[in-house]
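Since the model is a prediction, treat every value here as computed from it, not as a measurement.
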Amino acid sequence: MERRAAIAALIVCMVALPLLRYAFMRANGPTFDEYTHLQAGYLYWQCADFADNPEHPPLVKFLAAAPIRHWKISGYPGPCGGQVIQSRNMDVPIALAIYRSPYGSVVLWKARSALILFPFLLLFGIFFAARGWFGDLAAAIAVLLFTFEPNLLSNGSLVTTDMAVTAFMFISVWAAIEFTRRPSWLRMLGVSLALGLALTSKHSAVLLPVILLATMLVARIVPGNRSRASYWRIAGSWVLMCVIAVGILWASYGFRYTALPHEQQSSYNLAASFAADHMGRSVKAKVVLFAAHHRLLPEAYLAGLTDILTTDSRPTYFFGRYYPAGFWYYFPVALAIKLTIGMMVLCMLALCIPTVWKRYGGVVAPLLVLPAIYLATATTGKLDIGVRHVLPVIPFLVVLAGLGGAVLLRKSRVSAIVGAALIAFFLVSALRADPHQLSYANEIFGGPNHLHRYLGDSNLDWGQSGDAVLSYIRTQHLENRCAVASGAYAHRLYPCLELPNLISDLASSQSLPPILPNEFTGTLIVQAQAVSWSDAYVPFVAGKPDKVLGGGTILIYRGSFDLTKLAALRRVDRGMYMLGRMHDPRHALEEFAAGERDCPNSNRELLNRLSAAARAQLQAAGAK
């Protein structure tokens with residue numbers, strides 16, 4: 001009976017998963033990183049140019065751009081493979097050119113469709129792992145939880161690297177546990193392949209070799225696991241696994257060290273990047289520079305790793321306040337908001353029921369290694385911009401919740417009712433968010449429409465609501481009677497007063513961004529992503545809007561508004577435009593001076609740096 005239920009659940013999920021993804025893709029526009037990944041993947045196919053968007057390894061971008069690899073796409077600043085394309089400086093204009101082209105929406109749709117491979121890999125991985133460890137009933141519940149889990153579904157429908165690394169991390173841990181219990185060359189190769197593919201998916205997988213070693217040791221140590229692998233065999237196999245995985249990483253870069261094709265010399269000064277961030281003598285810098293000096297890893301991979309290590313903090317919006325950097329408890333709280341109540345309860349029950357540890361402790365203990373190490377590492381960093389950065393933790397919680405549900409359903413009639421109720425509550429809560437699963441929040445925190453009070457960035461709005469904003473403006477006939485605070489750079493031109501958005505002001509404008517008035521009366525439309533640019537948006541995002549749309553991502557206000565700080569911020573953006581694009585430091589300084597008094601606190605440091613740069617340019621010009 002349980003076996004039939006497991007097979008039926010798998011078939012249902014195989015049908016439901018693409019349908020749910022289709023609904024999500026139709027309802028949600030491009031998010032922040034998708035077109036930048038796409039434009040890089042296109043160059044990878046065209047000329048193996050890995051100097052474009054090196055912050056992420058190439059696997060996902062290769063697959064995303066595969067459907068368009070033979071297309072003729074323009075918008076690049078030079079010939080293919082001719083120069084380093086600096087992220088957030090050069091790749092955003094290219095991404096915008098593709099987005100605004102006649103084929104922009106088709107390109108995104110094809111890329112999102114191609115990446116269904118990773119959710120399906122994880123679906124099968126969870127099913128067979130849970131079935132082998134805990135039985136058919138646990139597998140049936142686990143795949144249902146996985147398929148409808150809002151964070152996995154939404155991030156698994158985007159052109160980003162998070163789902164790929166999540167899938168391969170889970171599969172590698174599954175294979176590592178199985179290897180420890182029943183060692184064989186085939187299982188060792190399975191671990192190596194999954195580890196290598198994880199490394200080619202995202203730089204955060206650099207933690208995975210240590211995690212796998214710890215997982216195998218825990219699986220060997222825990223009583224009742226009946227492991228057949230000795231400690232020496234585990235250590236030797238782990239070394240060989242890492243060697244093979246690094247070989248797979250090299251293969252993804254075409255076994256070439258240099259980032260640019262047809263180049264013999266390095267394209268990146270990694271030492272200067274570390275020195276600029278005052279990290280020149282750090283252990284991280286020494287390890288990366290050693291690898292670069294001896295060419296142990298591809299240059300583009302090391303350049304991406306350097307970018308991550310030197311950009312370890314960003315402003316964080318949290319519970320109605322704007323913080324210059326993150327803090328240790330961000331991810332635990334964010335997960336408590338973003339995970340469904342039903343799944344969290346099932347997971348906690350699995351860990352608290354004594355019979356679970358007595359019967360399944362040999363698997364449960366090593367299963368907890370990755371979540372423990374990954375979360376501990378995340379809490380030490382200050383890059384707190386979304387639970388997607390700890391997405392690899394969630395499949396392990398799904399499997400444990402599946403185990404908890406199976407134990408409840410088997411234990412007694414009362415516990416079976418409780419278990420069935422928790423699973424049903426999970427499904428109702430998850431489906432209520434459809435098709436806006438990216439902005440999901442559980443009922444304790446009021447659901448998606450109240451999430452803007454607690455979290456921002458990719459937890460809520462990653463720019464996916466841009467098309468919905470334009471639709472609302474048109475259906476409400478608000479042309480020329482509205483102001484829009486857009487969070488995304490990739491959005492259609494709104495027939496409204498557009499409030500400051502750094503990237504849009506600099507990259508998308510064909511002319512100098514206009515000066516803003518200090519007051520506005522009418523309809524103010526705020527994308528929650530806007531708070532990522534300045535604390536001047538906090539009063540709007542943290543406030544009580546007149547209306548909430550787009551699964552909590554669009555906040556509508558009506559009345560009169562003080563735009564003094566935003567007007568000052570626009571003067572800063574105008575000055576930056578003059579300095580960087582018009583090469584006019586004199587007038588840039590005038591703009592900086594005009595915005596200096598009312599400049600938002602979060603942007604004041606940038607203003608000071610820009611003013612100093614403009615004065616230095618004037619002095620240099622005068623000296624000539």
Would you check if the side chain of [X] reaches a backbone N or O of [Y] as a donor-acceptor pair within less than 3.5 Å?
X	Y	value
N151	L391	no
D457	G386	no
K61	N53	yes
S282	A285	yes
N442	K338	no
E34	V159	yes
N28	P435	yes
D562	T564	yes
T316	D384	yes
R21	G156	yes

Minimum side-chain heavy-atom gap [X]-[Y] below 4.5 Å:
X	Y	answer
Y537	L499	yes
L339	I394	yes
P54	D307	no
Y253	E299	no
V333	F319	yes
Y99	P30	yes
P150	T340	yes
F396	C347	no

Does the plane of the ring in F50 sit parallel, tilted or perpendicular to the ring in Y44? Use 30° and 60° as the thresholds.
tilted
Students often mix this up, so state it plainly: with edges at 30° and 60°, are the rings of F327 and F318 parallel, tilted or perpendicular?
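The arrangement is perpendicular - the two ring planes meet at more than 60°.
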Closest contact, heavy atoms only, [X] versus [Y]:
X	Y	value
L566	A536	CD2-CB, 3.7 Å
A303	L270	CA-CD2, 3.8 Å
A271	L289	N-CD2, 3.6 Å
L516	P500	CD1-CD, 3.4 Å
C242	P209	SG-CB, 3.9 Å
V369	I211	CG1-O, 3.9 Å

Rounded at 0.5 Å granularity, tell me how far [atom1] in [X] sits from [atom2] in [Y].
X	Y	atom1	atom2	answer
L451	L460	CG	CG	4.5 Å
E55	T306	CD	OG1	10.5 Å
L212	L217	CG	CG	11.0 Å
R314	I385	CZ	CD1	4.0 Å
T147	L153	OG1	CG	8.5 Å
F146	I126	CZ	CD1	5.0 Å

Among L115, L152, L158, L121, which one satisfies side chain to side chain contact (heavy atoms under 4.5 Å, CB included) with M163?
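Only one option passes, and that is L152.
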Among pairs that include at least one residue of residues 322-334, which meet side-chain hydrogen bond (donor to acceptor under 3.5 Å, both in side chains), considering only residues two or more places apart or in two chains?
Y330-N459
Going by the side-chain hydrogen bond (donor to acceptor under 3.5 Å, both in side chains) test, which pairs reach into residues 196-210, not counting sequence neighbours?
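Listed by first then second residue: D162-K202, S204-Y374.
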Using the side chain to side chain contact (heavy atoms under 4.5 Å, CB included) rule, take V60 and H37 through it: C-alpha gap first, then chi angles, then the decisive distance, then the call.
CA-CA 8 Å; V60 173; H37 289 329; 6.0 Å; no
Test side chain to side chain contact (heavy atoms under 4.5 Å, CB included) on R388 and T160; report intermediate values, then the result.
CA-CA 10 Å; R388 66 188 182 88; T160 59; 5.6 Å; no
Any chance CZ of R604 has more than 12 other-residue heavy atoms, nucleotides or ligands included, within less than 6.0 Å?
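Count over threshold, so yes.
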Derivation of the side chain to side chain contact (heavy atoms under 4.5 Å, CB included) call for T553 and Q527
CA-CA 6 Å; T553 63; Q527 276 186 278; over 6 Å; no
Using the side chain to side chain contact (heavy atoms under 4.5 Å, CB included) rule, take N603 and V572 through it: C-alpha gap first, then chi angles, then the decisive distance, then the call.
CA-CA 9 Å; N603 306 94; V572 175; 5.7 Å; no
Identify, with sequence neighbours excluded, every residue that meets side chain to side chain donor-acceptor pair (under 3.5 Å) alongside S429.
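By the side chain to side chain donor-acceptor pair (under 3.5 Å) rule, S429 matches Y440, E443.
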